[in-house]
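The structure under discussion appears below in the form of C-alpha cells.
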Amino acid sequence: VIYPTHGFGSFCAASLPGSDGSTIADEQRANPALTLDEDAYVADLLAGLDDYPAYYARMAPANAAGPEPADLTPLAAPGADEIRRRIDAGEWVVDLRDRRAFAAGHVPGSFSFGHGDSLVPNLGWLLPDGTPLTLIGDSPEQVADAQRDLARIGIDRIAGSAGPPGGWAQRLASYPVCDFAYLAAAWRHDPVTVLDVRRRLEWSASHIEGALHVPLHRLSARIPDLPPGPIWVHCQAGYRAGIAASILHAAGREVTAIDDDYHHAALSGLPVISAR
C-alpha cells in the first residue's frame with residue numbers, strides 16, 4: 001500500500017485523489033510520473049508550479065542549523081504614541097482581529113492579518129526581513145497564540161503587543177467592505193477599478209474580465225503602478241483581500257474590500273473569463 005505524503009514546496013499534502021491510499025499497480029496505471037514521457041511530465045509539472053512564500057527560502061538553512069529556543073515571553077504593551085512612532089518609522093503593526101472589525105476601525109497605517117490558519121503563510125511571506133513587528137489583538141491570549149505560531153517560521157523577535165485599539169487609539173481609520181453582488185451593482189452604474197490579488201494559477205483558471213491582476217505578495221511594490229481613484233480588491237475567499245485593502249489604505253488609497261467567495265462573482269452577474 002502507498003500512502004499520501006507531503007508535496008515538495010506545497011501548501012498542502014500531495015494526497016491521492018478520492019482515497020487514503022493506493023497500490024504500486026494502481027500507480028503504474030495512473031500516475032503521470034509513470035505514464036507520461038519525460039518531456040510531457042516535466043512540462044506538466046512546471047506548468048502547475050506557482051510562486052511560493054518568501055520565508056521558505058529561509059527555512060531550509062534554519063532547519064538544517066537547528067532551532068534556537070523560541071522567546072515566548074509575554075510582550076510589552078506600547079502606548080498609542082509609541083505605536084504611532086513605530087508606524088512612522090516604517091515598522092509593521094499587525095492587527096490580528098477579524099478583517100471586518102479591522103475595516104470598521106483600526107490604527108492608521110496598521111495592517112490586517114486575522115489570526116488563524118492563514119496568518120503564518122501570509123505574514124511570513126509579506127513581512128520584510130528584519131522589520132520590527134508589533135501585534136494588536138482582541139486579547140492577550142490571541143497575541144500569545146500568534147506569537148507561538150510565528151515563532152515556528154523564525155519570526156520570534158516581536159517588539160510588543162496591544163489590545164483592541166478602540167480603548168486607547170486616539171484616531172481610527174476605516175474603509176468599506178462589500179460582496180460581489182454590491183460590486184456588480186456598482187459595475188453597472190460606473191466603470192470601476194477591480195484588483196485581483198490571487199496567485200497566478202488562480203487568475204489563469206478564472207478572473208473577472210477587465211480586472212487588474214497583482215498577486216498579493218507583489219502588491220506593495222506595484223502600488224505606484226495602479227490607476228488613480230477608488231479600488232475594489234478581491235481574492236478567493238476574502239482573507240487576502242483584507243490584507244491587500246489594509247496595505248492600500250495605509251498607502252493612502254481609497255479602497256473597498258470584497259469579503260466574499262470568488263464563485264459568487266459570476267452568480268452576481270459580473271463578466272468572468274474561465275479557462276477552457
Side-chain angles (χ1 to χ4, degrees), residues 11-12 49-56 92 94-103 106 109-128 131 173-184 186-187 191-266 268 270-275:
F11 289 106
C12 312
L49 296 179
D50 208 337
D51 292 336
Y52 58 88
Y55 72 87
Y56 279 23
W92 273 39
V94 164
D95 195 320
L96 302 168
R97 298 175 300 145
D98 173 83
R99 55 185 176 267
R100 285 183 175 258
F102 178 92
H106 58 270
S110 61
F111 302 122
S112 174
F113 287 81
H115 183 247
D117 293 342
S118 296
L119 168 67
V120 167
N122 284 285
L123 182 54
W125 197 336
L126 299 182
L127 181 68
T131 300
S174 65
Y175 52 78
V177 177
C178 75
D179 56 16
F180 281 110
Y182 195 93
L183 171 61
W187 185 291
V192 297
T193 298
V194 177
L195 177 63
D196 184 335
V197 296
R198 297 175 302 155
R199 294 191 302 277
R200 177 181 60 85
L201 292 181
E202 294 173 295
W203 165 269
S204 298
S206 172
H207 60 268
I208 297 172
E209 184 176 6
L212 303 177
H213 179 228
V214 180
L216 176 60
H217 61 283
R218 301 187 187 278
L219 178 59
S220 292
R222 293 284 306 279
I223 290 177
D225 302 330
L226 299 176
I231 295 176
W232 303 61
V233 60
H234 82 86
C235 63
Q236 193 71 25
Y239 187 89
R240 287 171 290 174
I243 297 172
S246 71
I247 292 172
L248 290 167
H249 200 248
R253 299 303 303 265
E254 183 180 349
V255 64
T256 297
I258 300 172
D259 188 15
D260 199 357
D261 289 329
Y262 174 71
H263 75 271
H264 291 152
S268 299
L270 289 164
V272 170
I273 298 174
S274 297

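Remember, it's a predicted structure, so these values are computed and weren't measured experimentally.
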Exercise. Between F111 and W92, does the ring centroid distance fall short of 6.0 Å?
Worked result: yes

Problem set entry | Crowding at OH, Y175 (>12 non-hydrogen neighbours, <6.0 Å) | yes

Problem set entry | Contact summary for W125 and P53, nearest pair of heavy atoms | CD2-CA, 3.3 Å

For this session: Determine the interplanar angle of the F180 and Y262 rings, folded into 0 to 90°, and report it as parallel if under 30°, tilted if 30 to 60°, perpendicular if over 60°.
Result: perpendicular

Problem set entry | Flag, side chain of D261 to backbone of H264, donor-acceptor distance under 3.5 Å | no

For this session: Determine yes or no for a side-chain-to-main-chain donor-acceptor pair under 3.5 angstrom, with R253 supplying the side chain and G229 the backbone.
Result: yes

Exercise. Is there a side-chain contact between H234 and D196, using heavy atoms and a 4.5 Å cut-off?
Worked result: yes

Exercise. Less than 6.0 Å separating the ring centroids of F102 and H249?
Worked result: no

For this session: Count the heavy atoms belonging to other residues, nucleotides or ligands that lie under 6.0 Å from CG of D225, then report whether that count exceeds 12.
Result: yes

Exercise. Under 4.5 Å between any side-chain heavy atoms of V177 and T256, yes or no?
Worked result: no

Problem set entry | Side chain proximity check, I208 to W187, heavy atoms < 4.5 angstrom | yes

Exercise. Does T131 use its side chain to pair, donor to acceptor, with the backbone of L127 at less than 3.5 Å?
Worked result: no

Exercise. Between L219 and L195, does a side-chain contact (heavy atoms from CB on, under 4.5 Å) hold up when you go through it step by step?
Worked result: CA-CA 10 Å; L219 178 59; L195 177 63; 3.9 Å; yes

Problem set entry | Nearest-0.5 Å distance, OH of residue Y239 to CZ of residue F113 | 6.5 Å

For this session: Can you measure from CD1 (I247) to CD1 (I223) and round to the nearest 0.5 angstrom?
Result: 7.0 Å

Exercise. What distance do S110 atom OG and L96 atom CG have between them, rounded to the nearest 0.5 Å?
Worked result: 10.5 Å

Exercise. Can you tell me if H106 uses its side chain to pair, donor with acceptor, with the backbone of A173 under 3.5 Å?
Worked result: yes

Exercise. Closest heavy-atom contact between C178 and W232?
Worked result: SG-CZ3, 3.6 Å

For this session: Mind checking the CZ-CG spacing from R222 to L216? Nearest 0.5 Å is all I need.
Result: 13.0 Å

Exercise. Quick one: CD1 on I243 to CG on L248, what's the gap to the nearest 0.5 Å?
Worked result: 12.0 Å

Exercise. Say you draw a straight line from CD of Q236 to CH2 of W203; how long is it, rounded to the nearest 0.5 Å?
Worked result: 13.0 Å

Problem set entry | Which atom of S204 lies closest to which atom of A275, heavy atoms considered | O-CB, 3.6 Å

Exercise. Below 4.5 Å, heavy atoms only, C-beta onward: do H213 and H207 meet side chain to side chain?
Worked result: no

Seminar exercise, completed: Scanning both residues in full, the closest heavy-atom pair of A257 with A245 reads CB-CB, 3.8 Å

Exercise. Pick from R198, R218, R199: which one makes a salt bridge (Lys or Arg N to Asp or Glu O under 4.0 Å) with D51?
Worked result: R218

Exercise. So do the side chains of P227 and L212 get within less than 4.5 Å of each other, counting heavy atoms only?
Worked result: yes

Exercise. Does the distance from a Lys or Arg side-chain N to an Asp or Glu carboxylate O, for D95 and R97, drop under 4.0 Å?
Worked result: yes

For this session: Flag the pair R99 and D259 as a salt bridge only when some basic side-chain nitrogen lies within less than 4.0 angstrom of an acidic carboxylate oxygen.
Result: yes

For this session: Look at the side chain of D98 and the backbone N and O of R100, then say whether any donor-acceptor pair between them is shorter than 3.5 Å.
Result: yes

Seminar exercise, completed: With T193 as partner, the option from V255, V233, I231 fulfilling side-chain contact (heavy atoms from CB on, under 4.5 Å) is I231

Exercise. Does any N or O in the side chain of H217 come within less than 3.5 Å of the main-chain N or O of N122, such that one atom is a donor and the other an acceptor?
Worked result: no

For this session: Of all the heavy-atom pairs spanning S268 and A184, show the shortest one and how long it is.
Result: O-CB, 3.3 Å

Exercise. Between A244 and V197, what is the shortest heavy-atom contact and its length?
Worked result: CB-CG1, 3.9 Å

